[in-house]
Amino acid sequence: MPELPEVESIVQELRPCLRGLVPIQIICHKEKFLHTEQPLPNVLNHPITDISRRGKLILVWTSPFVWLIHLKMTGQLWWQPSNAPLPPHTHLIVLFKNTHYQLRYADLRQFGSWQIVPKKNLSQVPFLQKLGPDALTIAPSILKQRLQNKHTAIKSLLLNQQCLAGLGNIYSDEALWLARIHPLTPAYVLNQIQIKRLALAIQKVLKYALKLGGTSIRSYIQPNGQKGLYQRHLHVYGKKGLPCQRCGTAIERTKICGRSSYFCPVCQQL
DNA sequence: CCCTACACCTGGCGGC
DNA sequence: TGCCGCCAGGTGTAGG
Ligand SMILES: [Zn+2]
């Protein structure tokens, strides 16, 4: 479900809710959703100091531990009073001291999970070790360096979190359309001007989507249950056969990296 | 190194 | 209606 704007949106909404709260219990019926080498009593009862994001990964900070939350395709975080009905497919519930509000994790396809690691071990988490620079603020010079000498299709590099962290299938297609670059273009053929256009397109699309609370097509929802609004502003994603909003040509779909890729065959030429 | 296929799961949709 | 295949915002692994 979520790419960078959705994850950042969730983090910003949860920050004032969670800061200072003391988690006292985690209810978990299926072990696969919660990975921790520590006994739960050790992990609990430390106040939450902050919540942050790297790429699509959410980090909840306490003084001895960090909780890593990856939503994958359909994970949702809900902030609800205990008497609110549980969202469908709820797998984890966190209870806090002195409030009846709960943090609830729902996940229809069950690909997401939580991992709790001691702060000192954070730098050894492979996913974090390998993560590239964050896409929200990617500078043209950094992007140029990441793409240097790569013969791979640009779309597949944009999807690769080790190259650039935060883009997924929707926003990579939208950014490539904005920058007028064909998704199959080998990265090394892009010139300075195209790379700059791409970096600025990535920033623009992510920031605008964040401002609108992300894209809600199927399952993405904010912790208060509201939908994002960016789906109204998509140019190519999911638009096969519809006219390009720049030139009127029908949008095409092809398979890259096993994912659907949408592009305008006229504005985005190989 | 880079690609593809598949694995992990559930559900919505269109076609017959 | 029912069944079937295809599709879905992510990532890790195996094999060529
Ligand atoms: Zn066009």
Side-chain angles (χ1 to χ4, degrees), chain A residues 1-10 29-35 53-58 68-77 87-92 105-115 125-132 135-136 146-177 183-188 202 205-206 208-210 212-222 227-241 253-262:
Chain A
M1 153 183 66
E3 303 179 33
L4 188 152
E6 290 76 31
V7 175
E8 180 62 26
S9 203
I10 291 168
H29 296 298
K30 271 195 202 158
E31 286 179 25
K32 69 168 181 172
F33 293 107
L34 183 57
H35 305 284
R53 174 193 65 75
R54 281 195 57 191
K56 301 171 192 166
L57 187 69
I58 297 169
L68 306 178
I69 302 176
H70 204 306
L71 305 173
K72 295 280 179 80
M73 293 287 267
T74 52
Q76 300 174 328
L77 287 173
H89 311 285
T90 297
H91 302 297
L92 296 172
Y105 178 72
D107 191 346
L108 183 150
R109 293 180 70 184
Q110 307 185 14
F111 294 162
S113 64
W114 294 25
Q115 185 185 2
V125 174
F127 182 80
L128 278 170
Q129 271 179 348
K130 293 182 283 183
L131 210 54
L136 189 60
R146 305 301 288 178
L147 302 182
Q148 207 118 57
N149 301 325
K150 302 274 189 188
H151 285 235
T152 308
I154 184 65
K155 165 83 187 260
S156 102
L157 288 173
L158 294 184
L159 287 177
N160 183 341
Q161 303 300 296
Q162 299 166 31
C163 175
L164 183 67
L167 286 184
N169 207 29
I170 295 180
Y171 297 110
S172 52
D173 278 2
E174 292 296 317
L176 287 168
W177 180 84
L184 285 174
T185 312
Y188 78 99
I202 290 169
V205 69
L206 293 179
Y208 191 20
L210 171 60
L212 295 188
T215 301
S216 292
I217 295 176
R218 283 164 212 92
S219 61
Y220 169 64
I221 210 81
Q222 290 165 309
K227 291 182 172 182
L229 297 174
Y230 194 71
Q231 60 278 11
R232 301 178 188 174
H233 299 265
L234 295 173
H235 292 105
V236 281
Y237 180 81
K239 306 282 185 193
K240 182 184 169 188
R253 183 176 76 175
T254 185
K255 214 81 166 171
I256 302 171
C257 272
R259 322 286 304 274
S260 286
S261 266
Y262 300 88

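Below, chain A is the first sequence line, B the second, and so on; all start at residue 1. Since the model is a prediction, treat every value here as computed from it, not as a measurement.
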List the atom pairs, donor and acceptor, that lie under 3.5 Å between side-chain atoms in residues 255-262 of chain A and the rest of the protein, sequence neighbours left out.
residue: A:Ser261; atom: OG; partner: A:Lys155; partner atom: NZ; Å: 2.6

Can you tabulate the close N/O pairs, meaning under 3.5 Å, that link protein atoms to atoms of nucleotides 12-16 of chain C?
none

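For A:Glu8, the salt bridge (Lys or Arg N to Asp or Glu O under 4.0 Å) partners are A:Arg53, not counting sequence neighbours. With sequence neighbours left out, A:Thr74 forms a side chain to side chain donor-acceptor pair (under 3.5 Å) with A:Asp107. Residues passing the side chain to side chain donor-acceptor pair (under 3.5 Å) test with A:Gln222, sequence neighbours excluded: A:Ser9. Annotation: salt bridge (Lys or Arg N to Asp or Glu O under 4.0 Å) contacts of A:Arg109 (sequence neighbours excluded): none. For the side chain to side chain donor-acceptor pair (under 3.5 Å) test, residues two or more places apart in sequence or in another chain that qualify with A:Tyr208 are A:His233. Residues satisfying the salt bridge (Lys or Arg N to Asp or Glu O under 4.0 Å) criterion with A:Lys56, sequence neighbours excluded, are absent altogether. For A:Tyr230, there are no side chain to side chain donor-acceptor pair (under 3.5 Å) partners at least two apart in sequence or on another chain.
Among the protein residues, A:Lys240 comes within range of no part of the nucleic acid, since none of its heavy atoms lies under 4.0 Å from any strand. Residue contacts shown for A:Tyr237 are limited to sugar-phosphate atoms, with no base heavy atom under 4.0 Å away. Across all strands shown, A:Ser219 has heavy atoms under 4.0 Å from base atoms, whether or not it also approaches the sugar-phosphate.
Here A:Gln161 does not reach the OP1 or OP2 of C:dG10: none of its side-chain N or O atoms lies under 4.0 Å away. Residue A:His89 places none of its side-chain N or O atoms closer than 4.0 Å to OP1 or OP2 of B:dC9.
Between the CG atom of A:Asp107 and the P atom of C:dA8 there is a distance of 18 Å, given to the nearest Å. Atom C1' of nucleotide C:dG10 and atom OH of A:Tyr171 are separated by 15 Å, given to the nearest angstrom.
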Exercise. Give the dot-bracket string for DNA chain C, reading 5' to 3', where a pair is Watson-Crick or G-U wobble with both distances under 3.5 Å, ( ) marks pairs inside the strand, [ ] marks pairs crossing earlier ones, | marks a partner on another strand, and . marks unpaired.
Key: .|||||||.|||||||
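Within the structure, no pair that satisfies the side chain to side chain donor-acceptor pair (under 3.5 Å) test touches residues 158-167 of chain A, not counting sequence neighbours.
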Quiz item: Can you give one letter per nucleotide of nucleotides 3-8 of chain B, 5' to 3': B if a protein heavy atom sits under 4.0 Å from the base, S if only from the sugar-phosphate, - if neither?
Solution: S----B
